[in-house]
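What follows is a set of notes on a single structure, which appears directly below.
Worth knowing before you read on, the calculation uses all heavy atoms, side chains too, and leaves out hydrogens, waters and symmetry mates.
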Amino acid sequence: MYQTRNTIGNYLFWLFPLIGYQFFQYTGFEKEIGLVVVILFLIFSILYCKEELFFAEFKNKTLKKYKNLTIWIFICTLFCPLLFWGQNIFLNFRISVELYRYIFLFLLLKIAISEKKIVKFIDFYFIIHLLLKIAYIKFSLVGYFGFSNIIEDDNRGFIRPRIEGVEFAVLAFFMHLNGFVIKKKWKDLIFIVLAYLAILLTLTRQYIFYSAILGVIFVFKSSRYKFILILITGVFLYILPDLILKTQLPVVKDLVAISQDQYENNNDSEKDIRLVAAEYFVKDFNETVTPMIFGNGLPHAYSEYGKKMIYQSENKALYSNDVGYVHIFLYSGIMGLLLFLLVFYKLLKYPVFDNYLWCKFYLVYILFTNIASQTMSICGISISVVAYLILFHKKNAC
């Protein structure tokens with residue numbers, strides 16, 4: 001019986017990102033059918049690891065906090081929209097599937113997955129993500145992925161591949177950086193370059209910036225030649241702004257132009273649209289105190305809640321998922337936001353060996369990128385992976 005359960009668990013483990021990403025949003029499948037597959041898969045996964053998720057008593061306090069967060073995600077997304085907006089509970093589950101990726105940790109616990117398999121898992125999905133991006137650009141696969149027929153270059157001088165899974169590229173980047181610092185293997189160096197290429201192809205400035213900065217800090221922290229590295233980096237950073245501003249490389253030039261426009265608009269007293277959105281969703285969106293405490297859940301287009309959010313986005317360009325911590329506050333309330341921050345704080349405080357240090361750098365990356373995106377909300381798979389490695393590299397962890 002154990003072998004059967006273990007086999008099922010391993011299938012769930014390897015398929016979780018593929019199905020969770022709705023097959024990387026491949027448009028060859030009917031969107032509604034793909035979504036039904038995702039929902040059924042999630043329900044089966046929840047039932048499969050229900051003991052660990054709902055009933056197990058863990059000794060590890062950090063794991064308890066993670067469990068409380070996951071249960072709160074279910075409560076605030078399933079019941080708060082129903083109570084505060086009359087939004088159908090089935091629609092609530094349907095619209096919240098990205099948040100339910102946090103259950104992945106309990107699947108890892110259920111099958112007691114090995115670190116060796118996790119490394120293969122990260123590399124496999126990172127390579128798949130990179131190959132899909134290259135194919136998307138090379139063969140102009142607009143309309144084949146992402147449920148959109150619009151070429152999204154966002155004035156960045158390049159087709160922007162909207163393909164899920166960049167979290168695996170960032171995981172691979174930090175993991176192989178850690179591996180290279182310790183073992184000095186060329187394989188790790190090659191994977192570092194390829195992983196950062198995948199990050200660059202997102203054309204998302206904060207992903208590119210924070211992964212690079214944290215990567216440099218990681219090398220400084222781990223190197224015996226800190227002074228030399230700091231000196232070289234200092235010289236490089238001194239000349240870098242001038243090089244960037246004068247560059248004629250199409251993509252870099254366009255990204256710089258976007259940043260300059262935003263900076264000039266702020267200097268002209270035109271408040272950044274993300275700040276406007278944050279102020280609105282914190283101060284003006286909630287009409288009573290109760291949703292501020294418990295959250296509104298996520299909106300579905302068929303409900304009044306959804307219509308209100310669509311109005312704000314279409315008429316005022318206010319998107320809650322562009323301001324990640326406000327987004328968390330909006331759907332999970334003050335309670336949910338505090339639980340998210342508490343879990344990250346506990347994980348970052350947790351003592352780890354040097355070969356797991358990359359896990360903490362990934363969490364810091366999430367904390368920073370979540371300021372102007374929703375990485376903390378949608379990266380439940382990768383956050384589960386690093387939480388598992390941080391908490392369970394010791395036999396008596398739970």
Side-chain angles (χ1 to χ4, degrees), residues 1-21 38 40-75 77 96-125 167-168 171 175 336 339-340 342-353 355-360 362-363 366 376-398:
M1 186 65 177
Y2 173 80
Q3 289 295 330
T4 303
R5 290 202 305 269
N6 192 268
T7 300
I8 293 172
N10 273 282
Y11 280 127
L12 294 176
F13 168 70
W14 284 102
L15 290 173
F16 201 99
L18 177 65
I19 298 178
Y21 296 152
V38 174
L40 292 176
F41 180 83
L42 274 173
I43 291 172
F44 184 82
S45 299
I46 291 167
L47 293 174
Y48 179 76
C49 56
K50 65 181 183 302
E51 182 65 32
E52 290 73 16
L53 178 54
F54 297 112
F55 305 114
E57 288 294 331
F58 298 110
K59 296 178 183 178
N60 188 296
K61 293 181 180 179
T62 305
L63 179 57
K64 284 182 178 179
K65 298 293 188 298
Y66 190 104
K67 179 180 175 180
N68 291 339
L69 169 63
T70 308
I71 291 174
W72 181 253
I73 288 173
F74 282 110
I75 292 171
T77 55
S96 306
V97 290
E98 289 181 339
L99 289 175
Y100 299 157
R101 294 169 185 172
Y102 272 84
I103 70 165
F104 193 62
L105 173 61
F106 302 97
L107 176 60
L108 298 178
L109 287 175
K110 177 78 173 182
I111 62 178
I113 200 74
S114 68
E115 182 186 353
K116 187 176 180 180
K117 280 191 177 180
I118 286 179
V119 171
K120 290 180 180 178
F121 174 74
I122 292 170
D123 283 341
F124 175 78
Y125 274 103
E167 58 185 309
F168 282 98
L171 279 179
M175 181 178 72
L339 280 170
F340 270 100
L342 182 60
V343 166
F344 272 71
Y345 172 74
K346 290 288 187 180
L347 288 172
L348 287 170
K349 272 190 62 180
Y350 208 84
V352 295
F353 296 115
N355 54 320
Y356 294 95
L357 191 58
W358 66 273
C359 295
K360 292 196 173 186
Y362 180 74
L363 292 176
I366 292 290
M376 195 178 286
S377 296
I378 65 174
C379 292
I381 298 174
S382 53
I383 291 168
S384 295
V385 168
V386 299
Y388 180 80
L389 290 173
I390 288 172
L391 297 174
F392 301 102
H393 62 277
K394 293 181 181 178
K395 291 182 180 179
N396 61 347
C398 60

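- Between the side chain of S96 and the backbone N or O of L99 there is no donor-acceptor pair closer than 3.5 Å.
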Residues Y350, F392; criterion ring-ring contact (aromatic ring centres under 6.0 Å, His included); working and verdict: CA-CA 11 Å; Y350 208 84; F392 301 102; 8.5 Å; no

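- Between the CG atom of L105 and the NZ atom of K110 there is a distance of 14.0 Å, given to the nearest 0.5 Å.
- Remark: F54 CZ is packed, more than 12 non-hydrogen atoms of other residues, nucleotides or ligands lying under 6.0 Å away.
- With hydrogens and angles disregarded, no donor-acceptor distance shorter than 3.5 Å links the side chain of Y102 to the backbone of I71.
- Within the 4.5 Å cutoff, the side chain of F168 has heavy atoms near those of the I381 side chain.
- F104 and F121 have parallel rings, their planes meeting at less than 30° on a 0 to 90° scale where 60° marks the start of perpendicular.
- The minimum heavy-atom distance between G336 and L69, with the atom names listed, is O-CD1, 4.4 Å.
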Full working for side chain to side chain contact (heavy atoms under 4.5 Å, CB included) between N60 and K64: CA-CA 6 Å; N60 188 296; K64 284 182 178 179; over 6 Å; no

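- L348 pairs by the side-chain contact (heavy atoms from CB on, under 4.5 Å) definition with K360, L363, V364, L367, not counting sequence neighbours.
- In this structure, the separation between CD1 on I366 and OG on S382 is 5.0 Å, given to the nearest 0.5 Å.
- Judged by distance alone, the side chain of Y388 and the main-chain N or O of I113 form a donor-acceptor pair under 3.5 Å.
- Listed by chain and number, the residues in a side chain to side chain donor-acceptor pair (under 3.5 Å) with Y66 are S384 (sequence neighbours excluded).
- By the 4.5 Å heavy-atom criterion applied to side chains, L391 and L347 are counted as neighbours.
- To the nearest 0.5 Å, atom OH of residue Y362 and atom CD of residue E167 are 5.0 Å apart.
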Intermediate values then yes/no, side chain to side chain contact (heavy atoms under 4.5 Å, CB included), L171 and Y125: CA-CA 10 Å; L171 279 179; Y125 274 103; over 6 Å; no

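- R101 contributes no side-chain N or O that, together with a main-chain N or O of C379, makes up a donor-acceptor pair within less than 3.5 Å.
- Closest heavy-atom contact between I378 and E98: CG2-OE1, 3.4 Å.
- In terms of modelled atom types and a separation under 3.5 Å, the side chain of E52 and the main chain of L109 share no donor-acceptor contact.
- With values rounded to the nearest 0.5 angstrom, T70 atom OG1 is found 7.5 Å from F74 atom CZ.
- By the 4.5 Å heavy-atom criterion applied to side chains, F344 and M376 are counted as neighbours.
- Counting only N and O atoms by type, the side chains of Y356 and E115 include a donor and acceptor under 3.5 Å apart.
- Atom CG of N10 sits about 5.0 Å away from atom CD1 of I111, to the nearest 0.5 Å.
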Steps toward side chain to side chain contact (heavy atoms under 4.5 Å, CB included) verdict (K50, F106): CA-CA 8 Å; K50 65 181 183 302; F106 302 97; over 6 Å; no

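- Y100 and T77 share a donor-acceptor pair across their side chains, judged by distance under 3.5 Å alone.
- Contact annotation: the side chain of F44 approaches that of L12 to within less than 4.5 Å [non-hydrogen atoms, C-beta and beyond].
- Note that CG of L42 and CD1 of I103 are 5.5 Å apart. Values are rounded to the nearest 0.5 Å.
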Steps toward side chain to side chain contact (heavy atoms under 4.5 Å, CB included) verdict (L18, F41): CA-CA 11 Å; L18 177 65; F41 180 83; over 6 Å; no

